[in-house]
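Order of the sequence lines sets the chain letters (A, B, ...), proteins ahead of strands, with each chain counted from 1.
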Amino acid sequence: MDGYFGSYAVVGALLLIGVGIFAGAMTANRLLRPHRPTPEKLLTYECGVDPVGEGWAQSHVRYYVFAYLYVVFAVDAVFLFPWATVFAAPGFGVATLVEMFVFLGFIALGIVYAWRKNVLGWT
Amino acid sequence: MHVVYPAVVAALLFSVGVYGVLARRNAILVLMSVELMLNAVNLNLVAFDVWLRDRLHGGQVLTLFVIVIAAAEVGVGLAIVLAVFRNRRTVDVDRLRDLGEPEPVGASPGEPEPVGGGPDGRAGDAA
Amino acid sequence: MIPVLLVTVPLLAAAGLLVPAARRVVRGYGLAVSGLVLGLSIALAATFDYARPAAVQAEVDVAWTPGLDLRFHLGVDGISLPLVVLTALLTALCFVYLAGRPSRRMRALTVALLVLEAGMLGTFVALDLLLFFVFFEVVLVPMYFVIAVWGGPGRRAAAVKFILYTLLGSAVLLLGLLLIWAQTGTLDMVDLARTHGSGMSRGAQILAFVAVAGGLAVKAPMWPLHTWLPDAHTEAPTVGSVLLAGVLLKMGTYGLARVAVPVLPQGAEAVAPWLGAFAVIGIVYGSLACLAQRDLKRMIAFSSVGHMGFVLLGFATLTPVGMNAALFGNVAHGLITGLLFFLAGGVKDRYGTSDMTRLGGGMLGRLPYLGSLLTFAAVASLGLPGLAGFWGEMLALLGAFSPGAGLSRPLYLVFMAIGGLGTVLTAAYFLVMLSRVTHGRPDARWRDARLPDVTGYELAAWSPLVALTLVIGLWPKSLLLVTDPAVRVLLGVVP
Amino acid sequence: MNALLDTALRLVVITGAFLLLPLIVGQTEHKVMAHMQGRLGPMYAGRFHGWAQLLADGVKFAQKEDVIPAAADRRIFGIAPAVALVPYLVILVVVPVGPGLVGRDLDVGLFFVLAVLGVGVLGSIMAGWASANKYSLLGGMRVAAQLMAYELPLVLAASSVAMAAGTLSLPGIVEEWRWWWLPWQAIGAVVFFVAGLAELQRPPFDMPVADSEIIFGPYTEYAGLRFALFILAEYAGIVVLCALTTVLFLGGWHGPLLPGVLWTLIKIFLLAFVVIWVRVSYPRLREDQLQKLAWVGLVPLALLQLALTGVVKVLLAA
Amino acid sequence: MIQSIDYAAIAPPLILALAAGLVLLLDAFLGRPRAPGFAALGGVLLSTAAVAWLAVEGAGRATFCIPGELRGGGPASCSYVADRFTLVISAVMLGAAVVVVLLSMTELARGDVPAGEWYFLLLCAFAGAVALPASRDLVMLVVSLELVSLPVFVLAALRRYDGRAGEAALKLFLVSVVSTAVMLFGASLVYGVTGEIHLERIAAVLAGARFTDAVPAPGAGAPVAVAGVVLVLAGFAFKVAAVPFHFWAGDVYRGAPVPVAALLSVISKAAGFAGLILLFTLAFPALRGVWGPLVAVLAAATMTVGNLLALRQRHAVRLLAWSSVAQSGYILAPLASADRGAVPASVAYLALYAAMNMGAFAVVAVVARTRAGNELDDYRGLWAVSPWSAAALGFFLVCLAGLPPGLAGLFAKIVVFREVVAGGLGWLAIVMAINTVIGLYYYIAWAGRLFAAVRPGRAVPVTAPAGVAVAIALVATGVFSALPQLAISALG
């Protein structure tokens, strides 16, 4: 149970436990609960009135910009972690730090730009 | 674990991606298929890196960059798909034909069919 | 230094015309420039050391592009000198002709002709294979425009056909040249000619010869690669036809003499019988085709195929006699056919057509000067002894009688016989032409037409050709003395 | 065999903690909120201050009918609660409570935690999508937007700690921790905690489930046990968030006098108290305010923290 | 252990990247529509100056090398090398970049495209283009290649309400993304076989060297390596629009704004070729037996199909698109030969082609402003109304056809022919010869239209930046015509 695969085997075991808990709970629920579906009960709930149109109505994609910002920045952050673990190791130093500032500077530039262009506001 | 397993999984993943690219007509699904292909690449790289005990960890570094590239591609790709959808109300790559080759009147036989704009247009579908 | 001037003067003059302010100075400009170039070429001829015509003289050799081994290497010897003079002369005469009969868009035409002249002269003075090729190509674009812009009704198709054929030829030529280069490691034509293909295997030589000769044969043109020629000649304006027939075709045969035969002797030996066969087919085919033509210009064009067949036959013999014949025939054909196209142009200008049946007969009666000039040119072209056309054909047949070592004599005797038949046919179609056009009664439809006879400009343009035809015909040694030593060196007969 | 037993024991303890701690937090919330609002809260179930209230709730939920709307995407609808819940359990495997007391010390523990944390939110998005209900869909989108807005500050703040410690392993980070990291990493701590709250959709960042606007958003159509599991996930999330903040920023088991495990638990519960306190004290933000806070506030702050960490770290090394 | 960075060596891309940031800030805070354009121009020129300085200063600089203790006895293997190849390609890229920026100034004058974003993306693409030829490992190579590609997708789509632009961008995007994925998969296989990401070490391992114990015995992974190389080749074939991966070119060039089409046909293409050359000659020379014939076939097919497609075009940009596909074939051809001069020949052709093609696009961009259809027939009689434009375009076309007076094109073809002949690929030479003729036909037919004496339309107003752009291309082409040495011997 040691080493790389061992570690993740433990994680996997815990995952199975979690799924087991869920499955067990649902099984118990199945035994305990009543089951009497009626069409009204299965109707989509819209504050009590009859539902209008489809549930998957097309909605405005104003979140898209944020999604994009996130994808860009979060993925940039991928580089931070390997860097963060080694940058203070012997042999690295100010230069490494400066490089990361350059990197962060570009990220910050992106945010400043987005902010100035009012992308972050509500459109 | 022998390196063949992840390599085969990666190859299968890649093949699924290729199938998706070739068979799907919706631009977003094509994009997702490409993501599968890229993840196959990542899997390969990481598996090989571990297997080779690469001291430079070239494979892992490349993986990081592939992840970033994939993200950037998705971002740009979705933006373009959205722009196209706004203008055309469709993202079916087969129906984007405004730019197709105009059918010349009385095209002389023997010349190759203009790929990308022929009546059946299968050649353009790999896009 | 003069060869450099020969190339640069027309080019700079053409560039000068591109300045928008030059609109007013066009008249006489081309004439002046081409006159200057002609003067230069005559100066070149005058300073030429005739004691050693085989040596390259007035040499200029400057590195241009070391990456390609390309050198700006110019010079003349006995082979190129006559052609240089011929080119300068014909161009100047074209401008004389144009001075008397200005064309539309004269400025552009002047530019095109001057660039054309630079290219033609460059081809003849270049001594570097790539430089030769570059000049060979320079000719294409202006000629394309001359045909496509100032040509007859079918000009577009003719121009395209011309440029595609010749470009395909030159692409193949380039391959051959590059093959030579790859095998020998040099592009210097003097060096290459001196070593006679040492360092190249027989197979490579044959391959290179086929490519080079094939490429040049398109330009020459050799049957069956001649099909662009009748259209181009027919549709081109008079000056275009004159330069096409008078000079451009020579570039092909000159290339054979300068590159293909001396540099690739083994290849030449292997391919010569084929060359000869195509040549005699061309002779007969050209003559027969002439018989079938109704259009004067088209007939002259086809006659070129036949004449160039003789030139090619001369090369195919691989003997000094044959080569001399070829070079002689080159010059003679340039003079005579140039004159013929001038005359045909003159006829077309007056009658508005060059269709022989529409022209009817009786030109001698109606336009005595024009008619007699046409008669003279036709007779010269059919090879009447005493005129320039005779010697080329005669010597070519003579060469075929005793072909070079390694060639099958019986085969060449057959060639000779067919070629002899060709001379008869040539005589036939020219005589038919004369009988239909110059003799007989004038057609009724021209009775009221105003048909001026030869003008002063035309006379100025044509008489030098007449004179030279006579001079060379009567005194062929003048030309042969210049070419023969050079030919012997190129063939390796004399060290 | 021993190792296997050891591992099994750790898993049992983790599972137990996972089932127990959220209930404690939930009960605390009932009581704390009540007292802050000047009322008593649950008093009946289990007699003593209603301590068994949540157990009673659980029994009630288990007996309720499981309604799946006819229009819903049944399969996704069904597993969404599991997707929301299980990741929090899995995260606990790498959270150390004392020296050596950790389910498994992964060398990329921080990565693992951040990755799995994102999966949990996926449950809400799935729920919102699968319900085929406009409100749910809207809620789901809000969840997604929120996740995206706050993932970045979260990650950046966490990476600041990783920088400081020079390791991604959570026990490793705690071992490296010194008391003066508190002021040093203060900004990062605040950013991390706030961003974590937002990811959990806890008030004041609960607009995805805003019951007054969109009727509990993604969970509108849920009933019975599945709904309960979502609620459980929320409280498990609080526990996980507090545990992570403790481990990353507050020194985990470090503390005077008391045993390490106890210190860890104390810190976790103090933070949980803060979470409840915030819920009672702040009104809900509007969606655009939320985005703005993330991008204009937290992200620059996180970057600032990164810079600060880097500079100090290099100065220390020099 | 610590990396010391040679900032002088990386100055050209660095300057471009900083300029990109500056442009973004200028656009965000200054709000003057013309400022970004000039900032971009300044950045490109500054970067050009850096390249020139590096060239003058000589000694090939290298940075980001493997530290000594990690080399495993292998070479230093730097990731970024500013050698002659790098500088030459960079110079070509930057020259084209100047023209693109100048053309953009005209294009953006219409105001339907956001200027700041446009120049920012342009500069990003340029930075990638300049970093690419310096890359000597897979990571740098892939990243810079993507840096060239990604901004172009957006540039193509930046005219937001033009459905055609969006369609073009989408097609370009999908093709490019798929090709990247294919190429990366191939690269991952190569990495698996060799365990190296530095090109020169890959070559060494493929040739039998071993730097670590873990790599399996030489030759064990040969089939995998072959598969990898073929996939990489396929990926690059997409990028340079080689047949059979060419179909996107016509639509994309046609739909994108003209400056973007110019960028695609020169900078993107040059980037693709630079990557191709680097990978195949530096990393995979041991497998030449595999990819050599493939490249030859690819080259032959590319030039033939490109030419045949160009032959039937009636639209100017489309014609240029297909013709540039054909030109790709010529650039590929020398690479198929094992000769030492192959790379210099390709690079020389690339440089000459860049000058000529930029020029053609520049004039087309100018003409497109008044003749929106941009059909070939719109060019009839251009000489009569805009003699300078017509003369320039005529010159570029003749150059592209490879005829005098366009000696640049002629020499370019000669260089390629020489390599192919010297490499013993006779059949390819013949295919090229035939293609030269086909290519000539449509170029000359277009050039002929310029001087036709009919229907002179409206005159074509030339804005100052566009005029300068055309002039730059004209001067470059002219200089190359007179002194082809500059391009041919650029690599020594």
inquiry  = Checking B:Leu78 now: which residues fulfil side chain to side chain contact (heavy atoms under 4.5 Å, CB included) with it, not counting sequence neighbours?
reply    = A:Tyr64, B:Ile28, B:Leu31, B:Val74

query = Between B:Ala27 and E:Leu174, what is the shortest heavy-atom contact and its length?
reply = O-CD2, 4.3 Å

message = What's the separation between atom CG in E:Leu184 and atom CG in B:Leu45, rounded to the nearest 0.5 Å?
response = 7.5 Å

message = So for B:Asn42, is it side chain, backbone, both, or neither that comes closer than 4.5 Å to the heavy atoms of chain E?
response = neither

ask   = Where do B:Glu73 and E:Thr180 land on the side-chain contact (heavy atoms from CB on, under 4.5 Å) test, with the steps shown first?
value = CA-CA 10 Å; B:Glu73 280 176 351; E:Thr180 306; 4.0 Å; yes

message = I need the residue from E:Asp137, E:Leu172, E:Val182, E:Leu147 with the largest number of non-hydrogen atom pairs under 4.5 Å to chain B.
response = E:Val182

query = Using a cut-off of under 4.5 Å for heavy-atom pairs, which of E:Ala187, E:Ser176, E:Ala156, E:Ser188 has the most such pairs with chain B?
reply = E:Ser188

Atom group of E:Tyr191 that falls short of 4.5 Å from chain B, counting heavy atoms = both

note = For B:Ile80 and E:Gly166 the tightest heavy-atom approach is CG2-O, 4.0 Å

ask   = How long is the span from the CG atom in E:Leu189 to the CZ atom in B:Phe14, to the nearest 0.5 Å?
value = 8.5 Å

note = When the 4.5 angstrom heavy-atom criterion is applied to E:His198 and chain B, the contacting part is side chain

inquiry  = Would E:Val142 and B:Phe65 count as a side-chain contact (heavy atoms from CB on, under 4.5 Å) here? Give the steps.
reply    = CA-CA 8 Å; E:Val142 168; B:Phe65 281 94; over 6 Å; no

note = Greatest number of non-hydrogen atom pairs under 4.5 angstrom with chain E, of B:Val18, B:Ile69, B:Val61, falls to B:Ile69

note = Closest non-hydrogen contact found for B:Leu52 with E:Gly195 is CD1-CA, 3.3 Å

request  = Specify which of E:Phe173, E:Phe185, E:Trp248 makes the most heavy-atom pairs with chain B at under 4.5 Å.
outcome  = E:Phe185

